[in-house]
There are 2 protein chains.
Amino acid sequence: MDTEARAAVLKRSAFFHGLNAAIVDKIAAAALERLLKPNETLFQQGDPSTHHYIVAWGRLRLDQTTPDGKNIVLRFMGPGDLVGSVAVFRSIPYPATPTAVEETRVFQWTSDRMNELMSEYPVLAAKAMAMMGGRIGELQERLQQISTQQVERRIAAAILRIVAQSGRKTDVGVEIPFPLSRQDLAEMTGTTLHTVSRTLSAWIDEGVLEGKRSSHLVVLKPHRLMQIAEQA
Amino acid sequence: MDTEARAAVLKRSAFFHGLNAAIVDKIAAAALERLLKPNETLFQQGDPSTHHYIVAWGRLRLDQTTPDGKNIVLRFMGPGDLVGSVAVFRSIPYPATPTAVEETRVFQWTSDRMNELMSEYPVLAAKAMAMMGGRIGELQERLQQISTQQVERRIAAAILRIVAQSGRKTDVGVEIPFPLSRQDLAEMTGTTLHTVSRTLSAWIDEGVLEGKRSSHLVVLKPHRLMQIAEQA
DNA sequence: CGAATGATTTGCGTTAGCGCAAATCAGTCT
DNA sequence: AGACTGATTTGCGCTAACGCAAATCATTCG
């Protein structure tokens with residue numbers, strides 16, 4: 001990918017959106033690239049945090065492993081999302097592992113390089129704060145859901161969240177454009193593979209979802225899912 | 001409180017720690033104060049976010065009410081903690097309500113005033129990011145706990161987190177220096193009042209805790225609590 | 001002081017969802 | 001095509017934790 005193509009991608013990201021074009025070109029020029037095949041990891045939880053990344057295209061799943069060997073899915077990241085920055089800002093090791101769920105291209109900058117850019121263009125700091133604030137809001141929402149709602153509602157909410165972030169409209173409904181296993185959903189909602197499977201089966205019977213085994217999930221009746229997610 | 005006293009408080013806070021003394025004096029001079037009696041709220045969830053606050057002394061409980069009327073405790077805030085800033089940065093209404101659990105004094109700055117200060121002293125932006133990053137880390141940790149651990153472990157972890165943030169050493173153990181009800185603990189850990197009560201009763205029997213009804217909780221055997229929190 | 005209010009404790013029946021196990025299925029590899 | 005691998009489905013029993021209800025206790029207020 002040449003600098004120009006990189007700049008075009010960056011201009012579309014929330015993080016660099018609205019910046020002067022010349023600045024974005026310069027930032028794009030400073031980036032290195034990396035291409036991940038499905039199941040490749042960008043870095044490992046526990047590694048020293050050295051780089052900021054931004055997803056150009058593709059999709060990453062951000063996993064956190066607990067001390068006792070369990071796994072939770074913190075989020076999925078798509079084009080324009082920043083990866084690793086929070087850890088770099090805090091000067092702590094990366095707290096989670098990003099794994100490609102499909103072929104994914106990322107750009108990267110060293111911590112130092114990004115610091116230079118941020119002091120040169122202070123608006124970047126504001127963007128970074130907006131990004132972190134959004135992350136806080138999302139985490140608080142999930143904490144609230146998992147604390148107060150039962151499993152079925154949480155699964156519905158998780159699917160809707162993914163749809164809102166990455167859904168692709170088709171003629172029959174909204175498609176989740178990357179492979180999403182029952183296990184993934186279980187680890188996003190704090191439940192088990194089995195319960196997710198049962199719940200999705202019921203929804204498929206009801207005609208709310210469609211999901212031939214390995215193909216991508218399609219939400220046929222988003223409205224019905226929202227109803228489930230909000231039912232008192 | 002005069003400017004000098006305010007500056008002394010600020011210098012001890014994580015947010016302003018390490019700044020040039022003259023700068024802190026100036027910031028202190030720009031602050032207004034507010035004094036809250038127990039159970040008074042600083043603002044309401046849903047109010048437009050207009051001010052940044054910092055706790056001078058006392059203690060706030062940050063509550064979030066869900067659309068269906070349930071309540072969760074996001075955190076307790078003590079001296080030096082920033083309140084409201086994340087919402088102000090994001091230009092969204094305050095997402096939660098801070099309530100004083102004891103007499104509490106806060107300083108406040110308008111959004112505009114703080115923006116001026118932050119552009120004048122860029123190091124403040126870095127401090128704000130560190131604060132937000134810490135919040136993200138804490139939320140991820142709680143999400144992970146509530147997703148994977150059973151209730152007893154979560155309650156132990158919640159008590160230990162409070163002890164780490166606000167514990168006061170006494171000759172018999174560590175005291176939590178503000179009133180903390182079973183209900184509060186339930187809303188912090190995503191369980192019920194009843195389960196918390198049963199669990200604490202068992203611990204009191206075991207000699208791990210001490211907590212005459214209305215008096216403050218004292219952890220007699222922190223080590224034992226840690227053991228419970230970490231048991232596989 | 002005695003009543004009233006609110007928090008806490010505790011017993012008990014219920015159940016959502018877990019965990020195990022086995023069967024099934026889809027896609028891949030040879 | 002046939003064997004293999006990993007994901008998914010489904011049945012079944014179990015239990016952690018909930019939810020209700022009643023009793024107890026502490027504190028405040030008249």
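Every chain is numbered from 1 and lettered A, B, ... according to where its sequence line falls, protein lines coming before strand lines. Computed from a predicted structure; not experimentally measured.
Whole-Å rounding puts the E152(A) CD to dA16(C) P distance at 11 Å. As a whole-Å value, the separation of E210(B) CD from dT8(C) C1' is 17 Å. Atom CG of L180(B) and atom C1' of dA7(C) are 13 Å apart (whole Å). Per the geometry, NZ belonging to K70(A) stands 12 Å off C1' belonging to dG19(C), to the nearest Å. A straight line from CG of N39(A) to P of dT5(D) spans 18 Å, rounded to a whole angstrom. Taking atom CG of residue L193(A) and atom C1' of nucleotide dA7(D), one finds them 8 Å apart after rounding to whole Å. Nucleotide dT8(D) holds its C1' atom 13 Å from the CG atom of L185(A), rounded to whole Å. Here dG27(C) presents its P atom at 12 Å from NE2 of H216(A), a figure rounded to the nearest Å.
V219(B) pairs with exactly one of I159(B), V172(B), I162(B) by the side-chain contact (heavy atoms from CB on, under 4.5 Å) rule, that one being I159(B).
E187(B) and Q183(B) are linked by a side-chain donor-acceptor pair at a separation below 3.5 angstrom, with hydrogens and angles left out of the test. A side-chain donor from one of E141(B) and Q145(B) sits under 3.5 Å from a side-chain acceptor of the other. A donor-acceptor contact under 3.5 angstrom links the side chains of R59(B) and S166(B), judged on distance only.
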Hey, can you pull the donor-acceptor pairs under 3.5 Å for the side chains in residues 81-95 of chain A, sequence neighbours left out?
from, atom 1, to, atom 2, distance (Å)
D81(A), OD2, G78(A), N, 2.8
S85(A), OG, H52(A), ND1, 2.9
R90(A), NH1, G133(B), O, 3.3
Y94(A), OH, T50(A), N, 3.2
Y94(A), OH, H51(A), N, 3.0
Y94(A), OH, H51(A), O, 2.8

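Contacts between residues 197-209 of chain A and DNA chain D, defined by a heavy-atom separation below 4.0 Å, involve S197(A), R198(A), S201(A), listed by number.
In this structure, G211(A) and I204(A) approach most closely via the heavy-atom pair N-CD1, 4.4 Å.
Of the candidates dG17(C), dA17(D), dT8(D), the closest approach to any side-chain atom of T195(A) belongs to dG17(C).
When the side-chain nitrogen and oxygen atoms of T191(A) are compared with OP1 and OP2 of dC18(C), one or more of them lie within a distance under 4.0 Å. Using a 4.0 Å cut-off, no side-chain N or O of T192(A) falls inside it from OP1 or OP2 of dG17(C).
The pair E206(B)-K221(B) does not count as a salt bridge, with every side-chain nitrogen at least 4.0 angstrom from each carboxylate oxygen.
Interface remark: the H194(B) side chain does form a donor-acceptor pair with the dT10(C) base, using a distance-only criterion of under 3.5 Å.
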